[in-house]
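Have a look at the structure below, then the notes.
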Amino acid sequence: MAAWEANVRKVAPYTPGEQPGGAGVIKLNTNENPYPPAPAVLRALQALGADSLRKYPDPGAGILTEALAVHYGLSKQQVFVGVGSDDVLAMAFLAFFNSAKPILFPDITYSFYDVWAGLYRIPYERQPLDADFCIRTEDYCQECGGVILPNPNAPTGLEKPLSELEEIIKANPDVIVIIDEAYIDFGGESAVSLLPVYENLLVVQTFSKSRSLAGMRIGYAFGHEKLIRYLNDVKYSFNSYTMSAAALAAGTAAIRESSYYKETQQSIIRTRERAKGELRRLGFTFLDSRSNFIFASHPLCPARELFEALKKENIYVRYFPKPRIDNYLRITVGTDEEMEALFHFLERYLEAYAQGQEME
Ligand code: PMP
């Protein structure tokens, strides 16, 4: 090892899902929305003039924070925006998790949390989910440096009732509790309603899932004015211009098109519930997802094998080779046609698999 390497910050990075290109791919592996963004979003992007590209964007992201504040009934001072919720969460870890006590999050959850903790050298403890993959309230009601919980959780898709989250927020008045609501718009109840009561609560959401804008990279956080000020101080110490002119225009247009997005969200919820029926018919067991993905396991056929077989067929789902969940597939809810193609293949594959087993 060269001497300079002793002073390199070494981190174990997050591994994002594959982004396969090409025609004919059915992509159900990164929880993207299968529907296009609202037409007004594309029009807003086309209307961007040369001047808005030539100049630096508004560092305060004024039009977008204003639109979000109006839409959610908050003040502008309660809104922070960033380059996807990953950026918002990373800033929040840096701003709020500076205690010598460990921060708490589940053992099975979004796998970026321990990466940020590692990057910033934040001590952390993973709290095991119970046997049904539920987050246990009591695990988070103890002395700690902060709490981060996704609701619904990923990759389980399970929602924790808001009253239980409130218990956790109430039990931790001396630290910040972050609720990561990346998937809240697919039928969950948001913690935004608790903001007037709890100064220690930060709610983080994204345009990537329910607003079909993963490629534009827009996320946001809501919290007490003081929290947002601290977040902005960190952001301005890092990069003043996180939000491009394109992201500001697209995000603002998307917020104003809530009726379009209500419809696409409802379509996804309907497809998800139908998909649960199909999975049951095929013999899968799965968790009762309130998100845009389903976490499913087959009692006969190993998940890794199904994952590989699907990939050969150009159907991409997500597989995590990790303890407790290495026999599960995380399947993003696509369009009805995409889901039909998936189930059609699974039906044939599982039939052949069962016959093969019988012959052995
Ligand atoms: N939180 C959770 C729980 C997620 O699954 C994701 C998506 N990978 C994110 C945050 C980040 O999403 P984005 O940066 O696209 O907003």
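One-based numbering, in listed order, for ligands and for the atoms of each. Predicted model only: the values in this text are computed from it and were never measured. Below, each value reflects all heavy atoms present in this structure, side chains not excepted, and no hydrogens, waters or symmetry copies.
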* Ligand-residue contact atoms, ligand 1 with K209, heavy atoms, under 4.0 Å -> 7 (C), 8 (N)
* NZ/K170: more than 12 non-hydrogen atoms of other groups inside 6.0 Å -> no
* Provide the number and element of each atom of ligand 1 under 4.0 Å from a heavy atom of T206. => 13 (P), 16 (O)
* So, for F293 and F286, is the gap between ring centers shorter than 6.0 Å? -> no
* **G84: numbered ligand 1 atoms lying under 4.0 Å from its heavy atoms** => 14 (O), 16 (O)
* Structure fact -> Looking only at protein heavy atoms, what sits closest to atom 5 (O) of ligand 1 is Y183 OH, 2.6 Å
* To do: Could you list the atoms of ligand 1 found under 4.0 angstrom from a heavy atom of A182?
  => 1 (N), 2 (C)
* What is the nearest protein non-hydrogen atom to atom 11 (C) of ligand 1, stated with its residue, atom name and distance? -> D86 OD1, 3.1 Å
* To do: Compare Y113, Y220, Y110 and give the one whose heavy atom is closest to atom 6 (C) of ligand 1.
  => Y110
* Residue-ligand contact F112/ligand 1, heavy atom below 4.0 Å -> no
* To do: Provide the number and element of each atom of ligand 1 under 4.0 Å from a heavy atom of S208.
  => 13 (P), 15 (O), 16 (O)
* To do: Using the ring of F295 (Phe, Tyr or Trp, six-membered ring only), decide whether R330 places NZ or CZ under 6.0 Å from its centre and within 45 degrees of its axis.
  => no
* Is ligand 1 under 4.0 Å from a heavy atom in the side chain of S85, in the backbone, in both, or in neither? -> both
* Asked: Of all the non-hydrogen atoms in the protein, which one sits nearest to atom 3 (C) of ligand 1, and at what distance?
  -> D180 OD2, 3.4 Å
* Quick check: are there more than 12 heavy atoms from other residues, nucleotides or ligands sitting under 6.0 Å from CZ of R274? -> yes
* Asked: Have Q205 and E181 got a donor and an acceptor in their side chains that come within less than 3.5 Å?
  -> yes
* To do: Number the atoms of ligand 1 from 1 as they appear, then name those within less than 4.0 Å of a heavy atom of R217, with their elements.
  => 13 (P), 14 (O), 15 (O)
* Is K312 atom NZ crowded by more than 12 heavy atoms from other residues, nucleotides or ligands, each under 6.0 Å away? -> no
* Asked: Are R211 and F207 in a cation-pi setup, meaning NZ or CZ lies under 6.0 angstrom from the ring centre and within 45 degrees of the ring axis?
  -> yes
* Assess whether salt bridge (Lys or Arg N to Asp or Glu O under 4.0 Å) is satisfied between D107 and R324, documenting all intermediate values. => CA-CA 10 Å; D107 62 341; R324 287 185 80 186; 3.2 Å; yes
